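Since the model is a prediction, treat every value here as computed from it, not as a measurement. A, B, ... follow the sequence lines: proteins, then strands. Residue 1 opens every chain.
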Amino acid sequence: MRNAEVADFLDEIADLLELKGESRYRVGAYRTAAARIQNLPESVEDVWASGRLQEIPGVGESIAAKVGELLQTGRSTYLESLRREVSPGLRELLRVPGLGPARAQTIHRYLGIQTIQELAEAARQHRLRELPGIREKTEEKILREVERLQQRTRRILLGVALPAAEEVVQLMRRDPNVRRIAPAGSLRRMKETVGDIDILVSSERPAEVTKAFAKLPIVKEILGLGPTKASVLTKDNLQMDLRAVKPDEYGAALQYFTGNKEHNIALREIAIRHGYKLSEYGLFEESTGRRLAGEDEADVYRALGLEWMPPELRENRGELEAALAGRLPKLVKLEDIRGDLQAHTKWSDGTATQEEMAKACRDMGYEYVAITDHSPSLGVARGLSPERLGEKLREVDELNARLAPFRILKGAEVDIRADGTLDYPDEVLSQLEVVVASIHSGFEQGRERITERILRAFKNPNVDMLAHPTGRLLDRRAGYDVDLETVLRAAAATGVAVEINASPERLDLNDVWTLRAKELGVTICVNTDAHSPGQLGFMRYGVGVARRGWLEKKDVLNTLPLQQLLEWLSRRRGRRRAA
DNA sequence: GCCGTTTTCGGCCCGACTGTTTTCAGTCG
């Protein structure tokens, strides 16, 4: 059973307990445990099998027993009894913003309502306003929220949100009332998708700043405008919130609005243990009210005995424990990247020539790029026959003579066919310097077959790397069903590198699996899979995932200078390569 | 239900907003 399923199980218990009116601390305990398991860089099933469930922070005797029963038998007597006590349909009502457990329970008890449809119906007939604690306004709000829920916009890709936020930051910097400004929220943490875009400003005149923000030309609709906060819908239909605070509160506010929530809660608990109080206004001594920090974010962490940590780490996945022990990782940086090992050109489905791609990489300060056009079976991408591949490689030789010391590596993105064989014969593969294997077909094969297929490809000594390991497209396609734990273990054993595909639609591996890959000793490579020179800039999103997965420079293959990379490649295949 | 740099019991993040209320409950982020 996957970690996400176990986390859902605990979340359902939390919801049902909440609807029952149980202590919010008990409810919170289940939620904490769910979040921890969701973020666990290891299969919870393995943790359970080795008797270590209670070593997970937030998992004690009782929750461990319930998870154990679930994993052992596939069911839970506790959850089943809760479902008998609390109508499980009620959970659906909690999805309506503004409707919490108390009012949901009231609505259910008096009117028997348990679906969002019935709720909307009752609101339209003004039957909700007769209930205790609900009058006209609440009823209207519920109806509004139900309608919004039904046409809710999707989450925003990082690759869309970050450029949009940067544009606004640039525009707002020109405002003389703006002192400091930065994106906050999940965007600052480089999460793969975000719900909305948060921007924080410090200013002596916050009200002027929020007004100026609401007047920006990119604004389509003002959703709310006050002296410290403005919320707008942009012409691209992105929700953007700007908050303005006083300069001496900026650091504490940035910390607070960056989150995530679990990280903040844990941090505030640390503050309490010191006899302090932490809020978005600053860090204060509880007894005297004296301000200990607030203007700079790093001071807030330092005053709590912690090193400042990059936002990408702030998910309460163990970063606070690591900071307390002085063992934070030194995360890989964008500037550490020396080249890109997956890129496409006009030879298959890209839009630029090999020369244009190579020069664009050189201009970015890279030492190398592997041009990895597709193999023949990927007809839609005009995959190259062995003959055309040969022509392309001759062009590479010619370009390398001209562009030296910059180096184009001879590569291909080779399909792993349905039976696990590769889409070029070995004598073709052995002419290549970088062989990137990936799956583009047969997504419907079951978990075992797909996994077997990848393992078979790993046995071919010509394979250097596995690209986009799950095949997912964010918000569009789930990817194929694959046992990643097994794949990563095999990658570690065979020395095949695994890609973090930096395309904002993929970001595959994701952050949690990256962390797991690191623990297993897998070599990771961050590639853009660029199909045009502009897409080479996707690298920063992939580095964001690497950082969220705690990777350091030494964990990332393409931080190696050219010579060391070539040595790595030839060591891998256990034979000499053409110089 | 979990947990321990005052605790194996008694705490558990903080502040803001809204609406329904006459001092607070519910919800959110």
When every non-hydrogen atom of A:Tyr541 is compared with those of A:Ala502, the smallest separation belongs to CB-O, 3.7 Å
Looking only at atom [atom1], what distance separates [N] and [M], rounded to whole Å?
N      : M      : atom1 : result
B:dC24 : B:dT20 : C1'   : 9 Å
B:dC13 : B:dT18 : P     : 25 Å
B:dT22 : B:dC17 : P     : 22 Å
B:dT8  : B:dC3  : P     : 16 Å
B:dC14 : B:dC9  : C1'   : 24 Å
B:dT21 : B:dT27 : P     : 14 Å
B:dT23 : B:dC28 : P     : 25 Å
B:dC2  : B:dT6  : P     : 23 Å

What verdict does the side-chain hydrogen bond (donor to acceptor under 3.5 Å, both in side chains) test give for A:Asp241 and A:Ser231, after you've listed the backbone C-alpha separation in whole Å, the side-chain angles of each residue and the deciding distance to 0.1 Å? CA-CA 4 Å; A:Asp241 294 346; A:Ser231 186; 2.6 Å; yes
Taking NZ, NE, NH1 and NH2 as the nitrogens, is one of them in [X] or [Y] under 4.0 Å from a carboxylate oxygen of the other?
X        : Y        : answer
A:Lys277 : A:Glu286 : no
A:Lys554 : A:Glu552 : yes
A:Glu269 : A:Arg273 : no
A:Glu204 : A:Arg179 : yes
A:Glu80  : A:Arg84  : no
A:Arg2   : A:Asp483 : no
A:Asp198 : A:Arg188 : no
A:Arg135 : A:Glu140 : no
A:Asp196 : A:Arg155 : no

So if I define the base as every atom that isn't primed, P, OP1 or OP2, how would nucleotides 1-9 of chain B read as a B/S/- string at a heavy-atom cutoff under 4.0 Å? BSS--S---
Whole-Å gap separating [atom2] ([N]) and [atom1] ([X]):
X        : N      : atom1 : atom2 : value
A:Glu280 : B:dC13 : CD    : P     : 15 Å
A:Ile142 : B:dT18 : CD1   : P     : 16 Å
A:Glu249 : B:dG15 : CD    : C1'   : 12 Å
A:Arg31  : B:dC28 : CZ    : C1'   : 13 Å
A:Tyr281 : B:dC13 : OH    : C1'   : 15 Å
A:Arg24  : B:dA25 : CZ    : C1'   : 12 Å
A:Leu93  : B:dT27 : CG    : P     : 12 Å
A:Gln105 : B:dA25 : CD    : C1'   : 16 Å

According to the Watson-Crick and G-U wobble definitions, with both distances under 3.5 Å, which nucleotide is paired to B:dA16? B:dT27
Taking only heavy atoms on the protein side, list every residue of residues 254-268 of chain A lying under 4.0 Å from any atom of DNA chain B, sorted numerically.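 Those residues are A:Tyr256, A:Lys261, A:Ile265, A:Arg268.
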Any residue of residues 291-318 of chain A with a heavy atom less than 4.0 Å from an atom of DNA chain B: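 DNA chain B contact set from residues 291-318 of chain A: none.
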For A:His108, all residues meeting side chain to side chain donor-acceptor pair (under 3.5 Å), sequence neighbours excluded: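 Counting only residues at least two positions away or on another chain, A:His108 forms no side chain to side chain donor-acceptor pair (under 3.5 Å).
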Could you go through the salt bridge (Lys or Arg N to Asp or Glu O under 4.0 Å) check for A:Glu166 and A:Arg540 one step at a time? CA-CA 14 Å; A:Glu166 285 168 342; A:Arg540 60 174 174 160; 2.7 Å; yes
I would like to know whether A:Glu42 and A:Arg52 meet salt bridge (Lys or Arg N to Asp or Glu O under 4.0 Å); could you show each step before the answer? CA-CA 12 Å; A:Glu42 195 179 352; A:Arg52 294 178 286 124; 2.9 Å; yes
Check nucleotides 19-21 of chain B for protein N or O atoms closer than 3.5 Å to its own N or O atoms and list the pairs.
from, atom 1, to, atom 2, distance (Å)
B:dG19, O3', A:Thr138, OG1, 3.1
B:dT20, OP1, A:Arg135, N, 2.8
B:dT20, OP1, A:Arg135, O, 3.3
B:dT20, OP1, A:Thr138, N, 3.4
B:dT20, OP1, A:Thr138, OG1, 3.0

For A:Glu130, enumerate each residue passing the side chain to side chain contact (heavy atoms under 4.5 Å, CB included) test, keeping only those at least two apart in sequence or located in another chain.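 Testing A:Glu130 for side chain to side chain contact (heavy atoms under 4.5 Å, CB included), a comparison that skips the adjacent residues, returns none.
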Taking the nucleotide of DNA chain B with the closest heavy atom to each, which residue, A:Pro97 or A:Lys277, is nearer the 5' end? A:Lys277
